[in-house]
Amino acid sequence: MRQLKIRDLTLRDGQQSQFATRMSQAQVDRVLPFYAKAGFYACEVWGGAVPDSIMRYLGENPWNRLEKIKAAVGDSTKLTSLSRGRNLFGYAPYPDEVIEGFTKETLKSGLSIVRIFDALNDINNMTSTIKFVKKYGGITDCAVCFTVDPRFTFKDKVKAFFQRKKLPNNIFNVQYFVEKAKELEKEGAGIITIKDMAGLIHPKMTGELIRELKKSVSIPIDLHTHDTPGYGLASIFMAIVNGVDIVDTVLYNFAGGPAAPAYELVRIFCDKLGIDTGVDAKQVSMIDKELAKIRKELEQFDTTKLIPREFDIADYKLDPEIDALYDKSIAAANSGNVDELLVHTQAITKYFNFPEPNEQVKRAEIPGGMYTNMVAQLKQLKLDHLMDRALHLVPKCRLDSGCPPLVTPTSQIVGTQAVNLALDEQNGKPEYTTLTNQFVNLVMGQYGKTPFPIDPEFREEICGSPEEIPYDTSVYKRQPNPVLKEFGWVKLAKDYKEELLIELFPNVADGFLRKKREAEWKAANPVIPARIIKPKVLTEEDHQRLYSGSWY
């Protein structure tokens with residue numbers, strides 16, 4: 001029987017996509033006994049927004065989160081995390097000593113697999129992390145960020161023609177991703193992931209890409225996608241029939257919409273094809289029951305507020321119409337008829353009451369998070385009417401900045417700059433009057449090599465120099481670790497792991513650790529209430545004795 005490995009994303013990407021990363025440690029603890037027996041190949045539990053969010057909003061220690069999960073699941077499943085290559089979690093590149101220290105501590109704390117990616121797909125930004133993950137015994141999961149070419153209107157193309165400006169054509173084709181995968185295998189990748197953070201990989205592209213990757217590299221291939229534009233389930237089905245080794249899914253009650261497709265919907269497809277995922281359906285059922293309760297507890301953060309139809313993967317019998325849709329999906333996937341496959345898979349997700357495709361994100365071809373960030377930015381400025389114009393300017397911003405894939409942090413950089421372009425235009429100012437430091441650094445070359453060359457004249461206009469200026473890690477300055485005299489002259493960070501929190505999340509970690517030191521100081525130095533002595537009420541006899549001097 002063919003084996004398909006499943007990487008469960010529920011406790012990281014799932015809750016981040018659906019509930020703003022608000023799962024507390026107590027809520028995580030409730031599902032861990034079932035995860036320990038479920039049999040997932042891997043569970044993504046750390047990285048992304050988890051360390052920042054749980055310090056910022058929950059007052060919890062990120063290292064404790066990882067260590068407690070490891071203690072609960074043991075070696076039953078591999079724990080996995082994200083690492084943005086040389087950037088780790090932030091925007092600025094870090095020197096090797098920080099990357100090495102962080103990598104070593106994450107592996108010591110329970111990780112087995114580190115998913116390494118770079119927002120520009122610049123492999124030079126990934127090599128240090130690859131080296132250190134291998135050095136300390138981890139599995140290197142090297143991700144190529146999937147994206148599509150900027151989409152230009154006919155008017156844009158005519159304007160570019162008269163300006164003698166070259167527009168990109170077919171950059172992000174199958175060969176681009178295959179070549180990146182081959183380079184990463186040479187650098188020491190143990191797994192290659194196609195990381196489609198925006199859900200933009202069309203099932204046709206998925207089938208072609210997986211087939212070529214299986215011919216071109218000898219290591220396992222993983223597909224990571226989201227369901228935002230409605231391609232997710234169809235793309236996973238196409239990946240499976242074309243030989244993918246691992247797929248990323250989220251458990252039923254946290255799945256769909258902005259998150260990855262549901263494991264349960266993939267499991268039905270695999271059951272019909274006689275493919276073994278190695279996952280215990282009874283344990284999944286127990287996790288799902290608990291996740292349904294947790295979802296109600298996180299209702300205020302629920303992005304879709306659409307509860308899936310009640311379903312139990314441990315004891316299911318499909319309605320005839322859904323059974324038929326699955327059979328039609330299998331036939332369409334096997335024959336490569338992706339149009340039919342999309343019709344059937346979208347009908348399946350609709351039946352189970354998952355969110356319908358987000359047409360705005362689909363048309364704009366940008367990640368859902370980037371779209372919502374742009375909406376929020378314009379709402380804050382009370383300029384919602386500029387949204388369509390800002391979306392139209394995204395391809396221009398991408399082209400001018402070298403066509404970066406739209407993944408954190410480049411999605412935020414390009415999205416914010418597109419909003420600034422729309423504002424400059426409305427205010428009658430020349431384009432790129434309003435710039436963010438991050439956009440300037442991207443154009444300068446501080447983040448690495450872009451997929452498409454940046455016009456030297458544009459770089460000079462934005463940065464003052466036509467030449468690319470890479471980031472020099474020798475000028476990096478460590479974050480200070482001050483002494484807190486008000487809490488007994490202790491340092492803000494008491495150990496190396498806390499020093500790393502300051503290094504990677506300086507603003508958030510400062511507040512988190514100060515509260516922690518304050519609580520420790522108060523526990524060690526309790527305030528003892530002063531003893532209240534009631535005054536003696538003097539009698540007439542006492543007064544006489546007092547004034548007669550007999551008390552002296």
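Worth saying up front: this structure is predicted, and the values here are computed from it rather than measured.
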Novice: Is the number of heavy atoms from other residues, nucleotides or ligands within 6.0 Å of CD (E179) greater than 12?
Specialist: yes
Novice: Grab the two heavy atoms, one from A418 and one from V394, that are nearest each other, plus how far apart they are.
Specialist: CB-CG2, 3.8 Å
Novice: Between E187 and K131, is the closest basic N to carboxylate O distance under 4.0 Å?
Specialist: no
Novice: Is it the case that S218 and E185 place a side-chain donor and acceptor less than 3.5 Å from each other?
Specialist: yes
Novice: Assess the side chains of T434 and N420: does a donor N or O sit below 3.5 Å from an acceptor N or O?
Specialist: no
Novice: Would you say Q438 and Y447 are linked by a side-chain donor-acceptor pair, where the criterion is simply a distance under 3.5 Å?
Specialist: no
Novice: Given 3.5 Å as the limit, does a donor-acceptor pair link the side chain of D227 with the main chain of P261, or not?
Specialist: no
Novice: Can you find a heavy atom in the side chain of F89 that is under 4.5 Å from one in the side chain of L504?
Specialist: yes
Novice: Hydrogens and angles aside, do E44 and H224 bring a side-chain donor and acceptor to less than 3.5 Å of each other?
Specialist: no
Novice: Give a yes or no on whether a salt bridge exists between D248 and R7, defined as a side-chain N under 4.0 angstrom from a carboxylate O.
Specialist: yes
Novice: Under the 3.5 angstrom rule, does the side chain of S235 hit a backbone N or O of I201 as a donor-acceptor pair?
Specialist: yes
Novice: Quick one: does E431's side chain have a donor or acceptor within less than 3.5 Å of a partner on D424's backbone?
Specialist: no
Novice: Does atom NZ of K214 have more than 12 heavy-atom neighbours, drawn from other residues, nucleotides or ligands, at distances under 6.0 Å?
Specialist: yes
Novice: According to the interplanar angle, ranging from 0 to 90°, do the rings of F177 and F146 count as parallel (below 30°), tilted (30 to 60°) or perpendicular (above 60°)?
Specialist: parallel
Novice: Is the shortest heavy-atom distance from the side chain of F102 to the side chain of L88 under 4.5 Å?
Specialist: yes
Novice: For residues M444 and I462, determine if any side-chain heavy atom of one lies less than 4.5 Å from a side-chain heavy atom of the other.
Specialist: no
Novice: Taking the six-membered ring for Trp and the full ring for Phe, Tyr or His, determine whether the centres of Y471 and Y476 are under 6.0 Å apart.
Specialist: no
Novice: Checking N358 against T228: is there a side-chain donor and acceptor pair closer than 3.5 Å?
Specialist: no
Novice: If only side-chain N and O atoms count, and only distance matters, is there a donor-acceptor pair under 3.5 Å linking D400 with Y432?
Specialist: yes
Novice: Between E105 and Y496, do the side chains contain a donor N or O and an acceptor N or O under 3.5 Å apart?
Specialist: no
Novice: Whether the R115 and T80 side chains hold a donor-acceptor pair (N or O, under 3.5 Å, no angle test) is what I'd like checked.
Specialist: no
Novice: For residues F512 and F505, establish whether the separation of their ring centroids is below 6.0 Å.
Specialist: no
Novice: Verify whether one side chain among S109 and K497 offers a donor that lies under 3.5 Å from an acceptor in the other.
Specialist: yes
Novice: Would the distance check show the side chain of D196 and the main-chain N or O of G199 forming a donor-acceptor pair, the cut-off being under 3.5 Å?
Specialist: yes
Novice: Between R86 and T129, do the side chains contain an N or O donor and an N or O acceptor separated by less than 3.5 Å?
Specialist: no
Novice: Does the T106 side chain pair with the main chain of T103, one donor and one acceptor, at a distance under 3.5 Å?
Specialist: yes
